[in-house]
Asks: 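The structure's right below; bear with me while I get my questions together.
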Amino acid sequence: MSSTIRVRAVASGGTTVVQALINHPMDSGFVKNSKGKLIPPHYIEVLTFEHAGKKVFTAFWGPAVSKDPYIKFTFKGGAKGDDLKISWVDNLGKHDSLTAKLVG
Amino acid sequence: MHAPTTTRRFTLSLLATSCLATTGLLAMPRAAFAFDAPGWPAAAFSKKTEADAIAALYGQKLTASDKIRLEAPDIAENGAVVPVSVSTTLPNVTRISLMASHNPFTLAADYVLPAGTEPAVACRLKMAKTSDVIAIVESNGKIYGARKSVKVTLGGCGG
């Protein structure tokens, strides 16, 4: 199965801009399905980004983050070809991770 | 792949899991299937008002600041996808949180920024109805806030 994580991390001028999209329902627990039953909460709780063995960003999310979440941030350092490891874990204990290369 | 040890380990892990599950069921029947990732601030995410969420997350009072730039639409046609971005010129920022004042749970997202990560973040939030988006920035251990009203024409929390 292909990864749930799509990332684009561009290193330039001493900083790296990271943009990521994750495939995830982010069900809030307040929405009903077509049969009128509540869809149970299912959302990512923790998303982390690691560069060169150091955490550069941690997101704690609740059910109010949109479906297929998007995130953008910038960190100092990073060079073309470096690894960036992205991992998430949700409220049901499901998880995924991906190691991507920084582009120049 | 099908070596006896593998099968045995698998059986053991199944046993272990079911034991854990049973213990969990007995100990806390209402939250038996809840899983909270390590570090996730569960208490803060369960609060239903701005004041409670801020107290649970930071334990201190918020000061309004004009050094925080909070961008969100004036009118969100679709409350399920409201683009929000925050940036600040405050120094030594260690954390940025986003709240929606009239959502069922106020806290929406909480970002931890280590030294070297710029104090700017963009994401997309769900908003149940017209209310304020609040950005909270922790700088030098103190918290500062900015807010913006967003009119929601179609709520993002169903119902």
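Predicted model, so just to flag it, every value in this text is computed and none were measured. Order of the sequence lines sets the chain letters (A, B, ...), proteins ahead of strands, with each chain counted from 1.
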Asks: Please identify which of these residues, B:Thr88, B:Thr89, B:Val93, meets the side-chain contact (heavy atoms from CB on, under 4.5 Å) condition with B:Ile68.
Replies: B:Thr88
Asks: Pick one: which of B:Ile136, B:Ile54, B:Leu57 meets side-chain contact (heavy atoms from CB on, under 4.5 Å) with B:Leu107?
Replies: B:Leu57
Asks: Which value, rounded to the nearest 0.5 Å, describes the distance between B:Cys123 atom SG and B:Leu98 atom CG?
Replies: 5.0 Å
Asks: Of all of A:Val46, A:Thr16, A:Ile39, A:Ile71, which one pairs up most often with chain B through heavy atoms under 4.5 Å apart?
Replies: A:Ile71
Asks: Among residues 47-57 of chain A, which ones touch chain B with a heavy-atom distance under 4.5 Å?
Replies: A:Lys54, A:Lys55, A:Val56, A:Phe57
Asks: Looking only at non-hydrogen atoms, find the nearest pair between B:Asp110 and B:Pro41 and report the distance.
Replies: OD2-CG, 3.9 Å
Asks: Would B:Thr106 and B:Asp52 count as a side chain to side chain contact (heavy atoms under 4.5 Å, CB included) if you check the C-alpha gap in whole Å, the side-chain angles of each, and the deciding distance to 0.1 Å?
Replies: CA-CA 9 Å; B:Thr106 314; B:Asp52 285 355; over 6 Å; no
Asks: Side chain, backbone, both or neither: which part of B:Ala37 has a non-hydrogen atom closer than 4.5 Å to chain A?
Replies: both
Asks: Please look at A:Asn33 and chain B and tell me whether the side chain, the backbone, both or neither of the residue comes under 4.5 angstrom of a heavy atom of that chain.
Replies: neither
Asks: Which bit of A:Ile44 comes within less than 4.5 Å of chain B, counting heavy atoms only: side chain, backbone, both or neither?
Replies: neither
Asks: Does any heavy atom of chain A fall under 4.5 Å from the side chain of B:Val82, the backbone, both, or neither of them?
Replies: backbone
Asks: Looking at the rings of A:Tyr43 and A:Trp61, which for Trp means the six-membered one, are their centres under 6.0 Å apart?
Replies: no
